[in-house]
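This report refers to the structure that appears directly beneath it.
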Amino acid sequence: LSMALTDNLIGLHNRHYLSSHQDEVMERIWESGKSVSLLMIDIDRLKQVNDTYGHGVGDEVLKEIGQRILRNVRGFDLAARYGGEEFVVVMPDTPLEVALGVADRLCEKMATDPIIVSGSKDKILVTLSIGVSVSGGTASTAGTLLKEADETMYEAKCQGRNRVVPTPPKTAKSCVEAAPG
């Protein structure tokens with residue numbers, strides 16, 4: 001059962017677990033009238049790490065980032081590997097300002113604290129692009145909340161990476177619409 005709910009490489013919950021529990025979390029939060037925030041986190045340029053050092057090192061980087069995420073969120077927040085180099089953190093009872101503070105802290109810590117991997121003297125500096133959404137307004141379902149965070153995460157990448165963008169993005173025309181990928 002644990003293997004079905006946990007990403008075997010990273011040790012965080014997997015996308016299946018996230019999908020099955022996010023709706024429950026959202027329902028409880030809406031019933032209480034409190035907000036839930038969601039972080040969509042993408043590792044910037046992980047392909048370059050894989051191309052330079054190999055996929056084994058890329059896996060070590062993924063594991064370390066997963067652990068850093070866990071160390072920077074509360075015990076009752078739901079952290080999961082969404083897929084590839086993407087992670088999601090569901091933060092119950094969390095207003096947007098607090099979620100932005102957590103996201104900013106994660107971004108800053110990654111950008112200033114290189115990862116040391118086995119078998120190499122190199123220190124690998126990795127940055128994150130993070131989209132943040134909060135329940136209420138247009139985010140009336142778990143799916144909408146996730147979609148909004150995903151869109152703002154791509155907006156963070158388009159704005160130059162290594163940054164946090166809240167929903168709704170503040171730019172007039174999204175670069176996601178302007179250029180694919």
Side-chain angles (χ1 to χ4, degrees), residues 1-32 34-47 49-50 54-94 96 98-100 102-103 105-107 109-110 115 126-157 164-167 176 180-181:
L1 181 61
S2 175
M3 290 174 58
L5 303 175
T6 305
D7 181 275
N8 63 349
L9 176 65
I10 309 298
L12 295 179
H13 293 296
N14 61 23
R15 187 174 182 166
H16 174 73
Y17 183 91
L18 171 71
S19 297
S20 63
H21 284 76
Q22 185 183 5
D23 289 329
E24 293 172 24
V25 169
M26 295 288 286
E27 190 173 314
R28 282 194 315 267
I29 294 298
W30 282 316
E31 288 173 359
S32 72
K34 297 178 181 176
S35 58
V36 60
S37 292
L38 190 141
L39 310 181
M40 175 68 79
I41 303 166
D42 188 77
I43 304 169
D44 296 328
R45 296 184 172 96
L46 183 63
K47 184 180 180 332
V49 172
N50 286 332
H55 288 277
V57 169
D59 288 349
E60 286 186 56
V61 168
L62 281 167
K63 288 178 194 176
E64 177 61 23
I65 290 171
Q67 292 307 303
R68 289 182 184 191
I69 290 170
L70 277 179
R71 287 192 301 266
N72 283 281
V73 299
R74 302 167 298 189
F76 59 85
D77 293 333
L78 171 59
R81 184 176 182 197
Y82 194 67
E85 62 258 14
E86 293 179 339
F87 298 87
V88 169
V89 178
V90 179
M91 305 175 76
D93 193 15
T94 306
L96 181 63
V98 173
L100 288 171
V102 171
R105 185 175 65 239
L106 277 169
C107 238
K109 285 187 176 200
M110 284 306 303
I115 297 172
V126 179
T127 60
L128 304 174
S129 294
I130 305 176
V132 182
S133 61
V134 67
S135 61
T138 59
S140 59
T141 67
T144 305
L145 192 66
L146 189 63
K147 181 178 184 279
E148 287 182 356
D150 189 50
E151 288 171 356
T152 56
M153 182 267 299
Y154 278 106
E155 188 66 29
K157 291 186 117 20
V164 175
V165 175
T167 299
V176 174

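Values reported hereafter were calculated over all heavy atoms of this structure, with side chains retained and with hydrogens, waters and symmetry mates removed.
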Considering only heavy atoms from C-beta outward, does the side chain of I69 approach that of L106 to under 4.5 Å? yes

Could you state the interatomic distance from CG (L62) to CD1 (I10), rounded to the nearest 0.5 Å? 4.5 Å

Under a 4.5 Å cut-off applied to non-hydrogen side-chain atoms, are I65 and M110 in contact? yes

Between D150 and E86, is any pair of side-chain heavy atoms under 4.5 Å apart? yes

Can you find a heavy atom in the side chain of F87 that is under 4.5 Å from one in the side chain of L12? yes

Got a second to check how far C107's SG is from L128's CG, nearest 0.5 Å? 5.5 Å

Okay, side chain of R105, backbone of N72: is any donor-acceptor separation there less than 3.5 Å? yes

Between V89 and L38, is any pair of side-chain heavy atoms under 4.5 Å apart? no

Rounded to the nearest 0.5 Å, the CE atom of M91 sits from the OG atom of S35 at a distance of 10.0 Å

Does any part of the side chain of V88, heavy atoms only, come nearer than 4.5 Å to the side chain of L39, both counted from C-beta? no

Beyond-backbone contact of M40 with I130, side-chain heavy atoms, under 4.5 angstrom: no

Okay, side chain of T94, backbone of P92: is any donor-acceptor separation there less than 3.5 Å? yes

From CA spacing to verdict: side chain to side chain contact (heavy atoms under 4.5 Å, CB included), V61, V126: CA-CA 8 Å; V61 168; V126 179; 3.9 Å; yes

Residue pair A79 / L70: nearest heavy atoms and the distance that separates them: CB-CD2, 4.0 Å

Looking at every non-hydrogen atom in both residues, tell me the closest pair between Y17 and L78 and how far apart they are. CE2-CD1, 3.5 Å

Which value, rounded to the nearest 0.5 Å, describes the distance between H21 atom NE2 and H16 atom NE2? 9.0 Å

Tell me the salt bridge (charged side-chain N to carboxylate O under 4.0 Å, His left out) pairs involving residues 73-85, sequence neighbours left out? D7-R81, R74-D77

Less than 4.5 Å apart, any side-chain heavy atom of K63 and any of Q67? no

Do we see a donor-acceptor contact under 3.5 Å between the side chains of S129 and D42? no

Drop me the distance from Q22's CD to L146's CG, to the nearest 0.5 angstrom. 5.5 Å

Smallest separation among heavy atoms of G58 and L46, with atom names: O-CD1, 4.3 Å

Any donor and acceptor pair, going by atom type alone, linking the side chain of T152 with main-chain N or O of E155 inside 3.5 Å? no

To the nearest 0.5 Å, how far apart are OG1 in T167 and CD in E151? 7.5 Å

